[in-house]
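Below: one structure, written as structure tokens.
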Amino acid sequence: MTSGRVNPNFRLEDQGIAGLGNVYYNLMEPALMEAAVSRGEGRLGQGGTFLVTTGKFTGRSPKDKHVVRTPSVEDTIWWDNNAAMSPEGFDTLYADMLAHMKGKDYYVQDLVGGADPAYAINVRVVSELAWHNLFIRHLLRRPEREALDGFMADFTIINCPSFKADPERHNCRSDTVIALNFDKKLIMIGGTEYAGENKKSVFTLLNYLLPEKGVMPMHCSANHAKDNPVDAAIFFGLSGTGKTTLSADPNRTLIGDDEHGWSDRGTFNFEGGCYAKTINLSPTAEPEIYATCSMFGTVIENMVYDEETFELDFEDASLTQNMRCAYPLDYISNASETALGGHPKNIILLTCDAYGVLPPISRLTPAQAMYHFLSGFTSKTPGTERGVVEPEPTFSTCFGAPFMPRRPEVYGNLLREKIAKHGATCWLVNTGWTGGAYGTGSRMPIKATRALLTAALDGSLNEATFRKDPNFGFEVPVTVPGVDATLLDPRATWADKKAYDAQASKLVNMFSENFAKYLPYIDDDVKAAAIG
Ligand SMILES: Nc1ncnc2c1ncn2[C@@H]1O[C@H](COP(=O)(O)OP(=O)(O)O)[C@@H](O)[C@H]1O
Ligand SMILES: C=C(OP(=O)(O)O)C(=O)O
Ligand SMILES: [Mn+2]
């Protein structure tokens with residue numbers, strides 16, 4: 001049986017996917033919630049939210065993500081960063097997964113990635129779990145209902161958590177698999193229920209497709225000044241550094257929290273929803289995000305709640321520190337209707353420095369910005385990837401290495417051109433530790449980070465007095481109204497100054513060692529901005 005609204009000439013059978021049980025096309029939120037609850041996938045929560053747990057996988061599995069090594073992508077994929085899968089392995093995976101799917105019910109959403117129609121792609125998502133279908137409906141962009149009647153997919157994602165891959169047969173690493181086949185325009189996901197794999201695989205896809213169109217794809221959030229989309233800001237950052245938290249700013253308009261493109265026309269969100277971390281979510285520090293946790297249809301993933309009252313426990317991380325909520329963009333009260341903005345006037349590079357060495361904010365020259373973008377120094381946040389249990393310092397190029405199918409300099413050069421052309425001001429913001437390293441110091445107060453960002457984005461920070469940092473060479477403001485001046489100088493926040501100097505020089509060396517591999521690809525000005 002087939003139900004729901006779909007292009008009659010583009011059903012799964014037309015794509016060669018036949019023999020399934022019931023197929024539900026483009027169900028809307030209430031119907032998806034009903035289905036998910038009646039199938040026992042999760043429960044209704046307060047305010048009509050959907051509560052779900054995902055079992056063993058509560059974060060991404062980057063090591064199980066593969067790109068199919070076909071001749072057309074052989075020379076463009078950054079193979080040192082992307083595990084290969086043979087075309088034969090993929091074909092077997094496809095056949096085996098389809099055989100496994102026979103007779104079972106599936107949920108299909110026809111959605112769009114990209115708010116700018118000039119660069120948008122149509123994505124069909126086929127989900128075994130009704131709630132995954134609800135999740136991706138929140139996260140991607142929903143076409144008008146009428147447009148569904150003629151919808152054709154550019155890419156199709158099939159996500160079947162109950163399928164277990166076989167490393168021998170499928171040329172993969174474990175029984176969990178995420179396989180991107182750019183030739184066949186297919187993404188197959190198996191063996192994990194973590195919903196984030198759905199959205200991050202679309203991101204990886206756009207990171208592959210857009211550079212050829214002159215568009216810079218970015219792992220960043222974005223917002224703009226109220227009533228002034230031209231005054232846009234973007235916030236690059238690896239998972240857990242504050243993209244979602246800091247872009248939801250009551251004084252600015254939210255464009256999006258995670259994935260954006262920068263074209264000749266400006267910035268655009270790839271998505272139509274957000275995916276926020278709920279651990280220790282505070283109604284005072286993050287009121288907009290907190291409010292979504294009691295709105296109809298919000299997917300609440302891996303949170304502990306009271307069995308009687310269904311009240312959420314934001315402190316209990318016993319399932320995972322990576323507990324999440326997923327909701328459509330317009331659940332944030334000041335979200336943009338178009339999800340478009342101008343060319344960024346300010347570019348923020350968010351780093352979560354677990355060493356507590358970097359200042360809370362520094363101003364970068366374009367060459368320094370390029371250096372830090374390629375370096376991507378930050379920490380992995382506990383729970384976001386399998387096996388990460390405490391903040392783990394890392395150099396994640398482009399502040400999103402796990403999602404970059406092409407070589408870092410492809411993205412670096414695009415960003416550099418755009419900064420040069422549009423003259424953005426660049427900042428490095430440490431949302432990590434202050435007063436000592438992780439274990440001794442404490443996490444940067446959100447309030448302080450926000451105050452610094454407000455000053456950077458309204459232009460007032462440019463008028464401050466700056467000092468040049470002796471270790472890193474960038475400019476650091478000496479005083480900022482509303483922020484404790486001690487905080488601005490990390491060395492001053494450490495009780496043991498010698499320990500700070502030792503840690504700082506260790507970090508300088510880490511930067512220098514990591515950057516050696518980029519030296520052949522970069523211009524002299526970026527070389528001159530190199531640290532150490
Ligand atoms: N100074 C800070 N700036 C931003 N986030 C902070 C800060 N201090 C603590 N946090 C917490 O860190 C997490 C940042 O996560 P999030 O905004 O979801 O990151 P991302 O979207 O980049 O993955 C949130 O749980 C937030 O409450
Ligand atoms: C969805 C994710 O992204 P982020 O943490 O950057 O929001 C993720 O890393 O799984
Ligand atoms: Mn986020």
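Numbering of ligands and ligand atoms starts at 1, following listing order. Model, not experiment: these values are computed from the prediction.
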Review point. Do the numbers put Arg406 on top of the ring of Tyr411, so that NZ or CZ is under 6.0 Å from the six-membered ring centre and no more than 45° off the axis?
Key: no

Check your understanding: Does the side chain of Glu128 come under 3.5 Å of the side chain of Ser162 through a donor N or O and an acceptor N or O?
Key -> yes

Practice item. Would you check if there is a donor-acceptor pair between the side chains of Arg324 and Asn322 at a distance under 3.5 Å? Key: yes

Exercise for review: Would you kindly specify which portion of Asp258 sits under 4.0 Å from ligand 2, judged on non-hydrogen atoms: side chain, backbone, both or neither?
Suggested key: side chain

Review point. Does the gap between the ring centers of Phe135 and Tyr275 come in under 6.0 Å?
Key: yes

Exercise for review: Consider ligand 2: state whether an atom of it lies below 4.0 angstrom from any non-hydrogen atom of Thr384.
Suggested key: no

Check your understanding: Within 45° of the six-membered ring axis of Phe57 and under 6.0 Å from that ring's centre, is NZ or CZ of Arg386 located there?
Key -> yes

Review point. What do you reckon, does Arg324 have a nitrogen or oxygen under 3.5 Å from a nitrogen or oxygen of ligand 2?
Key: yes

Review point. Hey, would you say the Phe511 and His372 ring centroids sit under 6.0 Å apart?
Key: yes

Check your understanding: Would you say the ring centroid of Tyr290 lies under 6.0 angstrom from that of Phe314?
Key -> yes

Check your understanding: Going by heavy atoms, is Glu197 under 4.0 Å from ligand 2?
Key -> no

**Study point:** Within less than 2.8 Å of the Mn ion (ligand 3): protein N, O or S atom count
**Key:** 1

Exercise for review: Please check if the distance between the ring centroids of His219 and Phe403 is under 6.0 Å.
Suggested key: yes

Practice item. Would you mind telling me if ligand 2 is within reach of the side chain of Lys243, the backbone, both or neither, using heavy atoms under 4.0 Å? Key: side chain

For a distance cut-off of 3.5 Å, show me each N or O of ligand 1 paired with any protein N or O, plus the separation.
from     : atom 1 : to     : atom 2 : distance (Å)
ligand 1 : 1 (N)  : Met444 : O      : 2.9
ligand 1 : 1 (N)  : Thr449 : OG1    : 2.9
ligand 1 : 8 (N)  : Met444 : O      : 3.3
ligand 1 : 12 (O) : Arg443 : NH1    : 3.2
ligand 1 : 12 (O) : Arg443 : NH2    : 3.3
ligand 1 : 17 (O) : Thr244 : N      : 3.4
ligand 1 : 17 (O) : Thr245 : N      : 2.8
ligand 1 : 17 (O) : Thr245 : OG1    : 2.7
ligand 1 : 18 (O) : Lys277 : NZ     : 3.3
ligand 1 : 19 (O) : Gly240 : N      : 3.4
ligand 1 : 19 (O) : Gly242 : N      : 3.1
ligand 1 : 21 (O) : Thr244 : N      : 2.9
ligand 1 : 21 (O) : Thr244 : OG1    : 2.8
ligand 1 : 22 (O) : Leu238 : O      : 3.4
ligand 1 : 22 (O) : Thr241 : N      : 3.4
ligand 1 : 22 (O) : Gly242 : N      : 3.2
ligand 1 : 22 (O) : Lys243 : N      : 2.9
ligand 1 : 22 (O) : Lys243 : NZ     : 2.8
ligand 1 : 23 (O) : Gly240 : N      : 2.6
ligand 1 : 23 (O) : Lys277 : NZ     : 2.6
ligand 1 : 27 (O) : Glu286 : OE2    : 2.7

Check your understanding: Between Lys200 and ligand 2, does any nitrogen or oxygen pair lie at a separation below 3.5 Å?
Key -> yes

